[in-house]
Asker: 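Take a look at this one; I'll ask things after.
Residues take their numbers from the sequence shown, with the count starting at 1. Heavy-atom basis, side chains included; hydrogens, waters and symmetry copies ignored. Just so it is clear, the structure is predicted and the values come from calculations on it, not from any experiment.
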Amino acid sequence: MVSNKIKLIFSSVFLLLLVGGCTGKVKSDNKKQQSSATTESRVDYSSTIQKYNGYDLGDYKYYVMNGQKKQSEFLETLLTDFDTTIKNNFETYQYKIDNKQKVNLIPFRFRINVNEETVTTNYFMVNNSNTVINEISFKGYPRFKNVEVEAKTEVEFNKTELAELPPKGIVVFSLNMSAPSEYQSKLKENKVADLSFDITDLEINGEQVDNSNEN
């Protein structure tokens, strides 16, 4: 019998998103960061960035992370697929926002790669605090309805990558983690609405804080 606890072998943070194509690794060690430079935009997307950086989504505003402003694949997504990828998904899943927490991670798309034995999930990161976030790091557990992740996942965005996330601000990123073949059938039973992410350790602008907005 296969255990319901999945051992996290690795995780990677992507500034690109699942749309229809592949994603490119951005945040990791220096060598991988250097290799990602080949995906930097040679097209002038300045008008696209200007249009969508600070875009109103109801009571919230969507922002383009500084690191994403150099990624042609990501900017092409904004240009051609913003409504489908960002706007419509936010409207669908914003009910999951918990204002009692300083920071929310809201999953909005995921895909299992059978051959690579990975699962990639898109997240909205929502700033419910009263603080402008310039850098953030957190640890926590991606949650599925029928598979438990044993080890904490750690995510970090420094000042260069993030730049600024005001209160009521939203950015997007994707998280790639291992999905061994013996768990894939269970993972496939999940829908996006079944997914969540529990933050257990949070650091904002270099300060360790509780994720409760009551503190």
Asker: Check whether any side-chain heavy atom of N128 sits under 4.5 Å from a side-chain heavy atom of I97, and report yes or no.
Answerer: yes
Asker: What are the two closest non-hydrogen atoms of S212 and D210, and how far apart are they?
Answerer: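 Here S212 and D210 meet closest at N-OD1, 2.7 Å.
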Asker: So, the side chain of N134 versus the backbone of A163: is there a donor-acceptor pair under 3.5 Å, distance only?
Answerer: yes
Asker: Is K152 salt-bridged to D201, going by a charged N under 4.0 Å from an acidic O?
Answerer: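 So K152 pairs with D201 through a salt bridge.
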Asker: CD/E161 to NZ/K70 distance, rounded to the nearest 0.5 angstrom?
Answerer: 10.5 Å
Asker: Indicate yes or no: at least one non-hydrogen side-chain atom of K188 is less than 4.5 angstrom from one of I112.
Answerer: yes
Asker: Provide the closest heavy-atom pair for L187 versus A179 in the form atom of the first, atom of the second, distance.
Answerer: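 Heavy-atom minimum between the residues: CD1-CB, 3.6 Å.
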Asker: For I204, does its backbone N or O pair with a side-chain atom of K102 as donor and acceptor, under 3.5 Å?
Answerer: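 Such a contact is absent between K102 side chain and I204 backbone.
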Asker: Begin from the C-alpha positions of M65 and F157 and carry the test side-chain contact (heavy atoms from CB on, under 4.5 Å) through to its verdict.
Answerer: CA-CA 9 Å; M65 282 196 274; F157 294 110; 4.1 Å; yes
Asker: Go through it in stages, so that I can follow the logic: the residues are L79 and Y52, the test is side-chain contact (heavy atoms from CB on, under 4.5 Å), and I'd like the CA-CA distance, side-chain angles, deciding distance and then a yes or no.
Answerer: CA-CA 9 Å; L79 180 64; Y52 292 114; 5.9 Å; no
Asker: Where do Y62 and L57 come nearest, in terms of heavy atoms and distance?
Answerer: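 Closest pair (atom of Y62, atom of L57, distance): CB-CD1, 3.8 Å.
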Asker: Would you confirm whether N88, through its side chain, and D83, through its main-chain N or O, come within 3.5 Å as a donor-acceptor pair?
Answerer: yes
Asker: Taking side chain as C-beta onward, heavy atoms only, is L175 less than 4.5 Å from V155?
Answerer: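 Touching, per the 4.5 Å side-chain cut-off.
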Asker: Same cluster or not: are V114 and V147 linked, directly or through other Ile, Leu, Val, Met, Phe, Trp or Tyr residues, by side-chain heavy atoms under 4.5 angstrom apart?
Answerer: no
Asker: Is there a donor-acceptor contact under 3.5 Å from the side chain of N213 to the main chain of N99?
Answerer: yes
Asker: Can I170 and I86 be said to form a side-chain contact (heavy atoms from CB on, under 4.5 Å), step by step?
Answerer: CA-CA 10 Å; I170 302 162; I86 306 294; over 6 Å; no
Asker: Any chance you could measure K186, atom NZ, to K145, atom NZ, to the nearest 0.5 Å?
Answerer: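 Between atom NZ of K186 and atom NZ of K145 there are 10.5 Å.
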Asker: Quick one: does N211's side chain have a donor or acceptor within less than 3.5 Å of a partner on Q101's backbone?
Answerer: no
Asker: When you check the side-chain N and O atoms of D81 and T85, is any donor under 3.5 Å from an acceptor?
Answerer: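 Their side chains do contain a donor-acceptor pair, which is all the 3.5 Å distance test asks for.
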Asker: With a 4.5 Å heavy-atom cut-off, do M125 and F138 have their side chains touching?
Answerer: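 Side chain of M125 against side chain of F138, heavy atoms only: contact under 4.5 Å found.
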Asker: Ignoring hydrogens and angles, tell me if any N or O in the side chain of D98 forms a donor-acceptor pair with the backbone of K100 under 3.5 Å.
Answerer: yes
Asker: If every non-hydrogen atom of K69 is compared with every non-hydrogen atom of L75, which pair is closest and at what distance?
Answerer: O-CD1, 3.3 Å
Asker: May I ask you to test the L105-I199 pair for a side-chain heavy-atom distance under 4.5 Å?
Answerer: yes
Asker: Between D59 and K168 (salt bridge meaning N to carboxylate O under 4.0 Å), is one present in this structure?
Answerer: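 Result for this pair is no, no salt bridge flagged.
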Asker: F90: what forms a ring pair (Phe, Tyr, Trp, His ring centres under 6.0 Å) with it, not counting sequence neighbours?
Answerer: Y60, F124
Asker: Backbone N or O of K139 within a donor-acceptor pair of the T200 side chain at under 3.5 Å?
Answerer: yes
Asker: Could you go through V172 and Q68, starting from their C-alpha distance and side-chain angles, then the distance that decides it, and tell me whether this counts as side-chain contact (heavy atoms from CB on, under 4.5 Å)?
Answerer: CA-CA 10 Å; V172 295; Q68 292 168 334; 4.2 Å; yes
Asker: Backbone N or O of N190 within a donor-acceptor pair of the D194 side chain at under 3.5 Å?
Answerer: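 No, because the side chain of D194 does not come within donor-acceptor range (under 3.5 Å) of the backbone of N190.
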Asker: Could I get the full list of salt bridge (Lys or Arg N to Asp or Glu O under 4.0 Å) partners for D56, not counting sequence neighbours?
Answerer: K61
Asker: Please report the closest heavy-atom contact between E117 and S181, naming both atoms and the distance.
Answerer: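 Distance-wise, the nearest heavy atoms are OE2-CB, 3.5 Å.
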Asker: Would one find more than 12 heavy atoms of other residues, nucleotides or ligands at under 6.0 Å from atom CD of Q208?
Answerer: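 Count over threshold, so yes.
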Asker: Crowded around K87 NZ? As in, over 12 foreign heavy atoms under 6.0 Å?
Answerer: no
Asker: Does P166 offer a backbone N or O that forms a donor-acceptor pair with the side chain of N127 under 3.5 Å?
Answerer: yes
Asker: Indicate if Y141 and F144 have the same hydrophobic cluster label, given that clusters are the connected sets of ILVMFWY residues with side-chain heavy-atom separations under 4.5 angstrom.
Answerer: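 In one cluster with Y141: F144, no.
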Asker: Check for me whether the distance between the ring centres of Y123 and F173 falls short of 6.0 Å.
Answerer: yes
Asker: Decide whether E189 and N146 meet the rule of one side-chain donor and one side-chain acceptor closer than 3.5 Å.
Answerer: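 There is such a pair (donor and acceptor under 3.5 Å, judged by atom type) between the side chains of E189 and N146.
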Asker: Quick check on the 6.0 Å ring-centre criterion: do F82 and Y55 meet it?
Answerer: yes
Asker: Any donor and acceptor pair, going by atom type alone, linking the side chain of N122 with main-chain N or O of F108 inside 3.5 Å?
Answerer: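 Side chain of N122 to backbone of F108: no pair is present.
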Asker: Within this structure, what is the CG-OG distance for the pair N158 and S137, rounded to the nearest 0.5 Å?
Answerer: 10.5 Å
Asker: Is there a side-chain contact between L78 and Y45, using heavy atoms and a 4.5 Å cut-off?
Answerer: no
Asker: Just checking, is any N or O donor in the side chain of N113 or T118 under 3.5 Å from an acceptor N or O on the other one?
Answerer: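 Checked: N113/T118 side chains show no N/O donor-acceptor pair below 3.5 Å.
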Asker: OG1/T121 to CZ/R111 distance, rounded to the nearest 0.5 angstrom?
Answerer: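 If we round to the nearest 0.5 Å, T121:OG1 and R111:CZ are 10.5 Å apart.
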Asker: What is the minimum heavy-atom distance between V192 and P107, and which atoms define it?
Answerer: CG1-O, 3.6 Å
Asker: Less than 4.5 Å apart, side chain to side chain, heavy atoms only: is that true for P167 and V132?
Answerer: yes
Asker: Drop me the distance from L162's CG to E135's CD, to the nearest 0.5 angstrom.
Answerer: 9.0 Å
Asker: I'd like to check the side-chain hydrogen bond (donor to acceptor under 3.5 Å, both in side chains) partners of N53; sequence neighbours left out, ordered by chain and number.
Answerer: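 Checked N53 against side-chain hydrogen bond (donor to acceptor under 3.5 Å, both in side chains); zero matches.
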Asker: Going from NZ on K51 to OG on S47, what distance comes out if it is rounded to the nearest 0.5 angstrom?
Answerer: 9.0 Å
Asker: Given side chains that start at C-beta, do those of E156 and I136 come closer than 4.5 Å, heavy atoms only?
Answerer: no
